[in-house]
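Here the structure comes first, spelled out in structure tokens, and everything after it is commentary.
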Amino acid sequence: MPRIASVLLPMPLPEAFDYAEPEGLDLAIGDHVTVPLGPRVIRGVVTGLRDGTGGNRPLKPVLERVDDPPLPPGVLSFVEWAARYSVDVPGWPLAMALRGLRHPAAKPDKALVLTGAQPARMTPARLKVLAAAEEGPMASGALAAAAGVSAGVVKGMVDEGVLAVTWVEPDTRFPQPDLSRPPQTLNPSQQASADVLSEMLAAGGFQAALLDGVTGSGKTEVYLEAAAAALAADPDSQVLILLPEIALTQAVLARFEARFGVAPVEWHSAVSPPRRRRAWEGVAAGQARIVVGARSALFLPFRKLRLVVVDEEHDGSFKQEEGFIYQARDLAVARAKIEGALVVLASATPSLESLWNAQAGRYRWLRLSARHGAAQLPDIGLIDMRETPPEPGRWLSPPLVKAVSVALSRGEQSLLFLNRRGYAPLVLCRACGEKMKSPDTDSWLVEHRYTGRLVCHLTGFSMKKPEACPHCGAKDSLTSIGPGVERVEEEARHLFPDARIAVFSSDTVFDAAGARALVDSMAAGEIDILVATQAAAKGHNFPNLTLVGVVDADLSLRGGDLRAGERTFQLLAQAAGRAGRHEKPGRALLQTYAPEHGVLQALKAQDRDAFVEAEMAMRQEAGLPPFGRLAAVIASGPDPVALEAYCNALAAATPNAEGVEVFGPADAPLALVRGRRRKRFLVRAERSVDLQGFLAAWRARAKVPNSVRVVFDVDPYSFL
DNA sequence: AGCACGCCGACT
DNA sequence: GTCGGCGTGCTC
């Protein structure tokens with residue numbers, strides 16, 4: 001009976017294509033093959049085999065099997081799962097899974113072996129060569145060096161037929177971890193956590209744990225012992241440690257080497273293609289047993305993955321925002337589930353999602369107690385705006401202004417954080433009290449002075465700021481109420497005319513390059529005061545930053561960007577880490593009208609549990625993650641008219657679904673990227689809703705015109 | 001993603 | 001009169 005092979009190709013095709021299996025090829029699932037696709041020949045992977053022929057339409061045949069290590073079944077399931085989760089084609093995650101194979105396999109090396117023939121004349125030098133050659137095949141240079149003779153001696157023996165050329169496979173094996181090394185000394189808290197992880201490993205099957213402990217509590221030692229346990233339990237088991245790309249430093253790798261006697265296998269963007277090939281093959285062969293990598297290491301072809309650790313699991317860089325969009329922390333859990341492995345999420349400031357899972361008992365919650373002398377949060381002060389208010393029409397209170405000027409006088413940097421774009425969040429008429437609102441929602445229009453417009457951040461509606469009140473007709477009566485970053489910048493320039501001041505928001509920074517440039521400039525000390533909505537997003541490290549002023553702490557607690565509060569907390573925790581290491585102590589000042597509020601008290605008291613509880617309550621009330629689910633749909637294109645038309649069509653095609661709300665289209669966070677205008681929809685769904693199903697149905701309903709590109713982003717992280 | 005087929009401007 | 005621009009549509 002002839003067979004049909006389903007072949008998945010690393011391309012944006014909606015599904016695997018069927019090909020006829022040629023007689024005698026005897027394919028297996030996971031095999032790499034080449035297949036004809038239209039006029040060309042493409043590499044793909046066999047994902048299914050079944051009896052049959054093409055039927056009415058004859059199938060093209062698989063051309064040949066490619067001699068690369070087959071993809072293990074877990075990877076194929078994972079690829080499929082990841083595609084559905086991300087509402088994207090399976091070809092993209094497959095392409096990620098094949099990323100180690102772009103470089104050709106290592107070719108065999110030339111080596112010399114003894115033929116058994118005796119040399120016509122024996123010399124001391126030749127004797128030494130014979131002895132050295134006993135060790136096995138060796139390259140001629142290495143043989144001469146081993147024997148301590150010149151290359152001429154070796155060449156003479158080859159000419160005489162005493163040595164012959166053979167080809168040997170290059171030794172691409174990785175050295176094995178030394179599991180006989182003594183474990184590290186752990187404190188009781190660490191030991192208890194390590195013991196629990198060992199028990200979980202011993203129990204086997206998919207399980208998840210949250211390893212939760214402040215900086216300095218020794219999370220790394222704990223998961224290193226878990227790794228040792230996983231490796232020792234089974235000689236074929238493999239361990240994957242995921243780290244944020246920036247954390248993959250030599251110092252971190254050295255800790256692994258110190259524990260296991262060998263360097264771990266590295267996998268990140270800076271690894272060269274030949275090394276990637278080697279790592280990929282080592283992982284596929286089950287021979288690379290400890291892999292330390294960035295998020296894309298998740299797609300490696302592990303055969304017997306027993307432990308996955310996501311260190312700094314709260315870190316925003318685990319969210320891949322371009323190309324194939326995914327959240328590596330979430331996919332790590334999925335991969336572990338597929339492989340029946342233990343997944344450990346580790347952080348000093350866990351994401352609310354993970355804490356929620358821990359609270360619900362889905363993740364085993366391991367809390368490490370702080371070590372003596374561990375870094376504390378920075379000195380956090382609350383400024384009661386009722387007691388020390390700013391001057392009318394100003395937003396920086398006297399204590400904060402003083403702190404900034406002290407930092408300036410010491411040559412240190414300040415960050416003024418206000419999570420609000422534009423100049424003023426509200427414009428109203430002094431004469432009649434009318435608030436300027438968006439026509440189709442009830443939300444306030446935000447004044448932008450850079451552009452002179454009033455903008456609705458939810459729907460994208462915008463209008464020129466009118467001269468007269470549209471309601472009562474009074475002239476020059478429109479007043480800007482409240483601060484945005486533009487207004488705080490204006491005030492800072494007024495207060496500190498000589499300081500170097502920059503603004504970081506999506507209105508001043510349009511693309512990744514701009515963001516990079518501004519962050520670098522800040523890190524290099526070229527900015528004294530950074531007014532920012534966004535800079536805290538990805539945990540940048542500014543060594544000379546000693547003052548963080550939160551202009552409106554109440555705002556970041558009220559919502560807007562759902563992770564604002566979390567990031568504020570993480571920012572402060574990060575400043576704390578520095579305060580412990582530098583001679584300059586970090587300091588945070590939070591301006592608030594409600595210093596008695598639970599979240600602020602929790603921050604001031606450095607009580608994370610109280611902070612989390614309050615934050616959870618707010619998310620729950622707003623139906624935001626983890627209590628509800630979010631997705632963004634971003635459409636972009638060079639032609640604003642075509643883009644607008646497509647967005648309208650997409651809006652009209654919104655499937656009807658219970659428990660799902662769709663907002664937009666509005667201008668996207670980065671409204672202009674490389675000449676392409678961007679629009680965004682936001683989708684909010686209840687947890688019970690099949691969000692991916694909804695999005696897939698929606699995506700299928702509107703044909704995308706050529707000039708427009710659409711991206712579906714499940715669980716988005718960028719909001720500004 | 002590639003690559004072909006398909007209809008409208010400046011050139012050996 | 002042709003060569004070629006890249007718009008759109010398909011690839012088992």
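Here is the naming used below: chain letters follow the sequence lines, and residue numbers restart at 1 for every chain.
- Taking the charged nitrogens against the carboxylate oxygens, A:E80 and A:R84 have no contact shorter than 4.0 Å, which rules out a salt bridge.
- If you measure from atom CG of A:L8 to atom P of C:dT11, you get 17 Å, rounded to the nearest angstrom.
- Between A:F324 atom CZ and B:dA1 atom P the separation is 15 Å, expressed in whole Å.
- Relative ring orientation between A:W698 and A:F694 is described as tilted, the plane-to-plane angle lying within the 30° to 60° band.
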Give every donor-acceptor pair under 3.5 Å between a side-chain atom in residues 9-20 of chain A and any protein atom, sequence neighbours left out.
| residue | atom | partner | partner atom | Å |
| --- | --- | --- | --- | --- |
| A:D18 | OD1 | A:S6 | OG | 3.1 |
| A:D18 | OD2 | A:R50 | NH2 | 2.9 |
| A:Y19 | OH | A:P36 | O | 2.8 |

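- Residues A:V710 and A:F712 form a side-chain contact, since some pair of their non-hydrogen atoms from C-beta on lies under 4.5 Å apart.
- One atom, CZ of A:R40, and another, C1' of C:dT11, lie 8 Å apart when rounded to the nearest Å.
- The NZ-P distance, from A:K703 to C:dG9, rounds to 12 Å in whole Å.
- Within the nucleic acid shown, A:L9 has no heavy atom closer than 4.0 Å to any nucleic acid atom.
- A:L59 has its CG atom 13 Å from the P atom of C:dT11, to the nearest Å.
- When rounded to the nearest whole Å, the span between CZ of A:R43 and C1' of C:dT11 equals 19 Å.
- No engagement by A:P10 is indicated, since no non-hydrogen atom pair under 4.0 Å with the nucleic acid exists.
- Using a 4.0 Å heavy-atom distance criterion, A:L37 is classed as a base contact.
- Here the C1' atom of nucleotide C:dC10 and the CZ atom of A:F17 are 8 Å apart, to the nearest Å.
- Taking only side-chain atoms of A:P39, from C-beta outward, the nucleotide of B:dA4, C:dC12, B:dA1 with the closest atom is B:dA4.
- One interatomic measurement links the two molecules: CD of A:E15 to C1' of C:dT11, which rounds to 11 Å at whole-angstrom precision.
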